[in-house]
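For reference, the structure discussed in these notes is given below.
Sequence positions, counted from 1, serve as the residue numbers for this chain.
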Amino acid sequence: MDLDFRPVVIFWACLALGLIALETLVPGAALIWLGLAAGAMLVLVVFVPDLPMFWQAVLFVGSSFAIVGFYWTRIRKTGIASTQPLLNRRGEQLVGQVYPLESAIENGRGRVKIGDAFWMVVGPDLPQGERVRIVAAESMQLRVERA
């Protein structure tokens with residue numbers, strides 16, 4: 001079969017290559033899947049040269065949804081297990097550790113100093129200096145109990 005370099009073939013080839021190249025500038029895997037859909041359209045218009053542009057656009061959108069859906073359900077969800085699952089979860093890393101209260105817990109709220117940072121804590125009313133154990137990290141505060 002002789003390759004047909006009509007404008008529509010060149011359009012899909014440039015769109016596919018352009019989207020795949022732009023993937024290097026966009027964080028995450030976003031444009032590569034659209035580039036693959038454009039590549040599929042390139043193959044389709046080579047083998048079905050008389051396909052109207054409207055149907056090409058409909059098939060491109062449909063294949064884009066299908067490829068992105070496949071990525072989200074099959075590839076992205078499986079992921080790779082991390083050797084450090086709490087790496088960017090500082091509050092959760094602190095669970096189980098014991099620290100003295102920087103300020104007393106009054107009405108259920110107080111503060112501890114961990115390193116050079118102050119953390120809001122929630123727990124039973126306790127005096128300043130009392131040692132508390134962190135039992136949970138909730139939002140931007142730590143749940144504590146008497147150590």
Starting at [atom1] of [X], measure out to [atom2] of [Y] and round the result to the nearest 0.5 Å.
X	Y	atom1	atom2	result
S103	R109	OG	CZ	12.0 Å
L126	E145	CG	CD	10.0 Å
R111	L142	CZ	CG	13.0 Å
Y99	K113	OH	NZ	12.5 Å
W119	M140	CH2	CE	6.0 Å
D125	I105	CG	CD1	7.5 Å

Count I, L, V, M, F, W, Y as connected when their side-chain heavy atoms are under 4.5 Å apart, and connections chain through other members. Are [X] and [Y] then in the same cluster?
X	Y	result
V68	F70	yes
L94	V122	no
M120	F118	no
V9	L17	no
V98	V135	no

(request) Give a yes or no on whether F65 atom CZ has more than 12 heavy-atom contacts from other residues, nucleotides or ligands under 6.0 Å away. (result)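 Check fails, neighbour count at 12 or below.
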(message) Taking atom CE as the centre, does M53 end up with more than 12 heavy-atom neighbours from other residues, nucleotides or ligands that are less than 6.0 angstrom away?
(response)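 Yes - once you tally the heavy atoms of other residues, nucleotides and ligands closer than 6.0 Å, there are more than 12.
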(request) Of all the heavy-atom pairs spanning V112 and V132, show the shortest one and how long it is. (result)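 Closest heavy-atom pair between V112 and V132: CG1-CG2, 4.1 Å.
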Donor-acceptor contacts under 3.5 Å from residues 19-45 side chains, at least two apart:
{"residue": "E23", "atom": "OE1", "partner": "A30", "partner atom": "N", "Å": "3.3"}
{"residue": "E23", "atom": "OE1", "partner": "L31", "partner atom": "N", "Å": "2.8"}
{"residue": "E23", "atom": "OE1", "partner": "I32", "partner atom": "N", "Å": "2.9"}
{"residue": "T24", "atom": "OG1", "partner": "A21", "partner atom": "O", "Å": "2.8"}
{"residue": "W33", "atom": "NE1", "partner": "A29", "partner atom": "O", "Å": "3.4"}

(message) With ring pair (Phe, Tyr, Trp, His ring centres under 6.0 Å) as the rule and sequence neighbours excluded, what pairs involving residues 7-29 come up?
(response)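 Matches after skipping sequence neighbours: W12-F60.
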(request) For the pair R143 and E138, find out whether any cationic side-chain nitrogen is under 4.0 Å from an anionic carboxylate oxygen. (result)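 Yes, this pair counts.
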(message) For a side-chain contact (heavy atoms from CB on, under 4.5 Å) check, start with the C-alpha distance between I114 and R90, then their side-chain angles and the critical distance, and finish with the verdict.
(response) CA-CA 11 Å; I114 301 173; R90 180 72 173 127; 3.9 Å; yes
(message) Keeping R6 on the side-chain end and P49 on the backbone end, is there a donor-acceptor pair under 3.5 Å?
(response)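 Looks like yes, one N/O pair under 3.5 Å.
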(message) So does E102 get a backbone contact from the side chain of Q128, meaning a donor-acceptor N/O pair under 3.5 Å?
(response)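 Present.
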